[in-house]
Number of protein chains: 2
Amino acid sequence: MFSKSCKYAIRAVLYLAIHSNAEHKLGVKEVAEALDVPGPFLAKLLQQLSRHHLISSTKGPNGGFYLSKANSNANLRGVVESIDGPEVFTSCILGLPVCSSNNPCPLHSRALIYRQGLLELVEDQTIKEVAKRVERQELKI
Amino acid sequence: MFSKSCKYAIRAVLYLAIHSNAEHKLGVKEVAEALDVPGPFLAKLLQQLSRHHLISSTKGPNGGFYLSKANSNANLRGVVESIDGPEVFTSCILGLPVCSSNNPCPLHSRALIYRQGLLELVEDQTIKEVAKRVERQELKI
DNA sequence: AGAATAAAAGAGTTTTTTATCTTTTTATTG
DNA sequence: CAATAAAAAGATAAAAAACTCTTTTATTCT
């Protein structure tokens, strides 16, 4: 479903939500090791998220990546859209160039339900809320 | 969501459902041109589906690909599983190696709803039924 | 100011997916 | 039975995604 990059990105964002804040930033290396994900590759992803203001970062000593209050009050949709592109939520499930209610593909109507589930997955809880649940229930990232 | 290969495959199966039968088989070329999909590539996909008995084929003059009665009374799940692998319906949305009800990833519970939508998409109508709707409503493939 | 630290940016490399080309096998028909 | 049509199989090529390495830039601390 999501690309590998996108999965890494979501997990990294959750990790940052739990372990970082404006006073305690994390280096790529720490995050990469914690998630068991290739470091330099994750760096690229985090930089991209940072450019799009979905996470925050500062350079230099004691610098690193972190989530601002605003960042963690957002939901995961922006993260996904930033990495995989906004089309993941809208593009035709059969890859047809035009596919809409007036010009639907054979699977269009059922795809709506599926897509609804997908949106709920990333939209109806904030990053902070997900992170809280992870902490409370000791979930793995 | 589905790979490009899988999208091609689904569309090709629907095309066969509408335009072929045991008495009238279609060559790869015709299907590829009708769907505007790369011919040799589609050939590979159709061969794979044929090997897995999701579509039927015969060689030689007047040979080609077609759907048997049995083929068109099946649903699309087999087609998807044959091309993209059965994991698409079961694997963790965050790519975690272990993710289950007792050991859920942070998005597990919502992912269930989403996954349900995905399964309905491919499971609760037969290929024949989809094809019928395509014909009746003159949908594009 | 200078050294050290860490992200940002740029330039590769590898692997996987998508696509093509060629040869072989099988069936059909005249 | 020879010619032909079409799938099957194999080998190769191009494009995209995943991953790595090197250099630059910004920040902090002494």
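Here is how names work: the chains are called A, B, and so on, in the same order as the sequence lines, proteins then strands, and each is numbered from 1.
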Regarding the side chain of A:Lys4, the nearest nucleotide among C:dT29, C:dA8, D:dC19 is D:dC19
Atom CD1 of B:Ile55 and atom P of D:dA6 are separated, to the nearest Å, by 16 Å
What is the nucleic acid contact for B:Lys25, judged by heavy atoms within less than 4.0 Å: base, sugar-phosphate only, or nothing?
nothing
Taken to the nearest whole Å, CG/A:Leu42 to C1'/D:dC21 is 16 Å
message: Strictly distance-based, threshold 3.5 Å: is any side-chain N or O of A:Ser91 a donor or acceptor partner for the main-chain N or O of A:Glu87?
response: yes
Testing D:dA6, D:dC21, C:dT28 for proximity to the side chain of B:Lys59, the answer is D:dA6
Picking from D:dA8, D:dT27, D:dC21, the nucleotide nearest the side-chain atoms of A:Pro61 would be D:dT27
Separation of D:dA5 atom P from B:Glu30 atom CD, nearest Å, is 16 Å
Original post:
Hey, does the side-chain of B:Gln47 have a donor or acceptor N/O within less than 3.5 Å of a partner on the base of D:dA8?
Top reply: yes
| said: Determine whether a donor-acceptor pair (N or O, by modelled atom type, separation under 3.5 Å) exists between the side chain of B:Glu33 and the backbone of B:Glu30. | reply: no
Requested in this report: Give a yes or no on whether the backbone of A:Ile127 and the side-chain of A:Asn75 come within a donor-acceptor separation of less than 3.5 Å.
Outcome: no
Quick note, salt bridge (Lys or Arg N to Asp or Glu O under 4.0 Å) partners involving residues 60-81 of chain A, not counting sequence neighbours, are A:Arg77-A:Glu81, A:Arg77-A:Glu123
Quiz item: Touch check for A:Leu26, heavy atoms < 4.0 angstrom, all strands: base, sugar-phosphate only, or nothing?
Solution: sugar-phosphate
Whole-Å distance, A:Asp36 CG to D:dC19 P, equals 11 Å
Per atom distances to the A:Ser3 side chain, the nearest of D:dA18, D:dA11, D:dA8 is D:dA18
- Item | Side-chain N or O of A:Asn62 closer than 4.0 Å to phosphate OP1/OP2 of D:dC29 | yes
Query raised in the report: With sugar-phosphate meaning primed atoms plus P, OP1 and OP2, does B:Pro38 contact a base, only sugar-phosphate, or nothing at under 4.0 Å between heavy atoms?
Result: sugar-phosphate
The answer to which of A:Gly60 and A:Gln48 contacts DNA chain C further toward the 5' end, by nearest nucleotide, is A:Gly60
A:Lys7 NZ to D:dC19 P, in whole Å, measures 11 Å
Check: D:dA9 base within 3.5 Å donor-acceptor of B:Lys44 side chain
yes
Of the listed D:dT20, D:dA8, D:dT25, the closest approach to the B:Ser57 side chain comes from D:dA8
Would the distance check show the side chain of B:His24 and the main-chain N or O of B:Ser20 forming a donor-acceptor pair, the cut-off being under 3.5 Å? no
N or O in side chain of B:Arg51 less than 4.0 angstrom from D:dA7 OP1/OP2
no
Q: Describe, in one word, how the ring planes of A:Phe41 and A:Tyr8 are oriented to each other, choosing from parallel (under 30°), tilted (30 to 60°) and perpendicular (over 60°).
A: perpendicular
Between C:dA19 and B:Tyr8, is there an OP1 or OP2 to side-chain N/O distance shorter than 4.0 Å?
yes
request  = Report yes if a side-chain nitrogen or oxygen of A:Thr58 is closer than 4.0 Å to either non-bridging phosphate oxygen (OP1 or OP2) of D:dT27; otherwise report no.
outcome  = no
In whole angstroms, the gap separating P of C:dT16 from CZ of B:Phe41 amounts to 16 Å
When rounded to whole Å, the CG to P distance for the pair B:Leu49 and D:dA9 reads 13 Å
B:Ile83 atom CD1 is separated from C:dA19 atom C1', nearest whole Å, by 15 Å
